Amino acid sequence: MTIIRPKKSLGQHFLRDLGIARRIAETLAAYRGLPVLEVGPGMGVLTRFLLDEGHNLSVVEIDKLAVAYLESHFPELSGRIIQNDFLQMNLNDVYDTKFCVIGNYPYYISSQIFFKVLENRETVVCCAGMIQKEVAERLAAKPGSRNFGILSALIQPWFDVEYLFTVGSEVFDPPPKVQSAVVRLTRNATVDLGCDEDLYRRVVKTAFNQRRKTLRNSMKPLLGKDFGQFNLPVFNLRPEQLSIQQFKELTLLTHKHLKETEL
């Protein structure tokens, strides 16, 4: 039997614990009627349980050897094994309906995977899987927490984030140097932020670019040092202390100021 060795260049750490694989598959139990796209299935440890759960499953895998392994060991996936880079894919070419995303994600691109899901929020109704524990904590962090940051503030307006459980390094081959965690993102009812989305992203990134400073200092690159409303209470706060609603309000204030300075 061909054995696929984990590739360091692809950030691969293959899960060996079947019990954990089953628990990850069960995170999508409420979505059996929707198509599911598994990212980076490797040798199919999670794949088998997703199929057993009755999901309408397709998989995307960048590793040619892993694709060959999946083709020979999972004939039921015939025509649904996509050899591609998930980050480079146009997901509209795969599905023209609502679907879910799941995987044991490569740690070095996990944030990019969630931003890809964010870009496709009109069709991705749920995204679950295993990532580095530190990233999971940032995703699920509440305002006021030291872990609340760019990832939290950009994802949470659109998805409800659940930190489900922690996974130790000993269940992987090779063992990663960090702990892991399983999360689930569920699309919420938000259809409009109530402010300019591109500017919201700029505001969040500008604010957290100097996260140790108050907004009075960190927002100067965007608002200018002579901005006349730095006396407002919000500018006494550091970025992790702001709620999502306060970031929206800050975006509206920034938009108004930028429009006025254009005149």
Side-chain angles (χ1 to χ4, degrees), residues 1-28 31 34-95 99-117 120 124 126-133 135-136 167-184:
M1 182 179 71
T2 302
I3 301 296
I4 309 299
R5 301 294 181 188
K7 292 182 174 64
K8 186 176 181 180
S9 62
L10 296 178
Q12 291 175 332
H13 297 274
F14 291 162
L15 180 64
R16 296 186 287 106
D17 190 311
L18 299 184
I20 290 175
R22 181 184 291 108
R23 291 178 69 187
I24 296 171
E26 289 171 350
T27 62
L28 296 184
Y31 298 95
L34 291 179
V36 173
L37 181 64
E38 183 187 357
V39 178
M43 294 178 67
V45 173
L46 175 58
T47 308
R48 170 49 59 203
F49 290 104
L50 290 168
L51 291 170
D52 289 347
E53 285 278 314
H55 290 294
N56 175 14
L57 182 66
S58 296
V59 301
V60 54
E61 173 60 64
I62 196 171
D63 185 350
K64 293 180 180 179
L65 290 177
V67 168
Y69 181 93
L70 293 166
E71 288 174 341
S72 64
H73 288 77
F74 293 90
E76 60 268 64
L77 283 178
S78 178
R80 291 184 285 152
I81 301 173
I82 306 165
Q83 184 179 333
N84 207 334
D85 180 347
F86 174 75
L87 296 179
Q88 302 302 319
M89 290 173 60
N90 181 346
L91 297 184
N92 292 326
D93 292 339
V94 183
Y95 297 116
F99 67 100
C100 302
V101 175
I102 196 168
N104 296 325
Y105 305 118
Y107 293 163
Y108 74 107
I109 59 167
S110 59
S111 293
Q112 294 170 264
I113 287 172
F114 291 117
F115 285 132
K116 179 82 170 182
V117 166
N120 291 272
V124 177
C126 185
C127 173
M130 185 152 51
I131 56 176
Q132 185 176 339
K133 184 174 185 285
V135 177
V167 181
S169 60
E170 70 279 358
V171 300
F172 295 92
D173 178 24
K177 296 179 180 178
V178 296
Q179 283 191 306
S180 305
V182 175
V183 296
R184 178 170 54 205

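Counting from 1, the numbers follow the sequence of the chain as shown. Values reported hereafter were calculated over all heavy atoms of this structure, with side chains retained and with hydrogens, waters and symmetry mates removed. None of these values were measured; they are calculated from a predicted model.
Annotation: the span from M130 atom CE to S110 atom OG amounts to 12.0 Å, rounded to 0.5 Å. With rounding to the nearest 0.5 Å, the separation of CD1 in I102 from CG in L28 is 4.0 Å. Summarising the geometry, atom CG belonging to L50 is positioned 10.5 Å from atom CD belonging to E26; distances are rounded to the nearest 0.5 Å. To the nearest 0.5 Å, atom CG of residue D63 and atom OH of residue Y69 are 13.0 Å apart. The CG atom of N84 sits 10.0 Å away from atom CG of D93, with the distance rounded to the nearest 0.5 Å. Note that CD of Q179 and OG of S169 are 7.0 Å apart. Values are rounded to the nearest 0.5 Å.
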Evaluate the side-chain contact (heavy atoms from CB on, under 4.5 Å) criterion for residues V135 and Y105: first the C-alpha distance (whole Å), next the side-chain angles of each, then the deciding distance (0.1 Å), finally the verdict.
CA-CA 11 Å; V135 177; Y105 305 118; over 6 Å; no

Can I62 and F86 be said to form a side-chain contact (heavy atoms from CB on, under 4.5 Å), step by step?
CA-CA 8 Å; I62 196 171; F86 174 75; over 6 Å; no

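Between R184 and T27, the closest heavy-atom pair is NH1-O, 2.9 Å. The minimum heavy-atom distance between P41 and L70, with the atom names listed, is CG-CD1, 3.5 Å. Nearest heavy atoms, A66 versus G42: CB-O, 3.7 Å. Closest non-hydrogen pair, V45 versus A21, comes out as CG1-CB, 3.6 Å. In terms of heavy atoms, I131 sits closest to Y107 at C-CE2, 3.4 Å. Annotation for H55 and A25: closest pair NE2-O, 4.2 Å, computed over non-hydrogen atoms.
Every residue meeting the ring pair (Phe, Tyr, Trp, His ring centres under 6.0 Å) condition with F99, not counting sequence neighbours, appears here in chain and number order: Y95.
When atom types are taken as modelled, the side chain of S78 and the backbone of P75 share no donor-acceptor pair closer than 3.5 angstrom. The main-chain N or O of L87 is found under 3.5 Å from a side-chain atom of K116 such that the two form a donor-acceptor pair.
E38 has no carboxylate O lying under 4.0 Å from a charged side-chain N of R80, or vice versa, which leaves the two without a salt bridge.
The side chain to side chain contact (heavy atoms under 4.5 Å, CB included) test with L37 singles out one residue from L91, N56, V59, V124, and that residue is L91.
Surrounding CZ of R23 are at most 12 heavy atoms belonging to other residues, nucleotides or ligands under 6.0 Å away.
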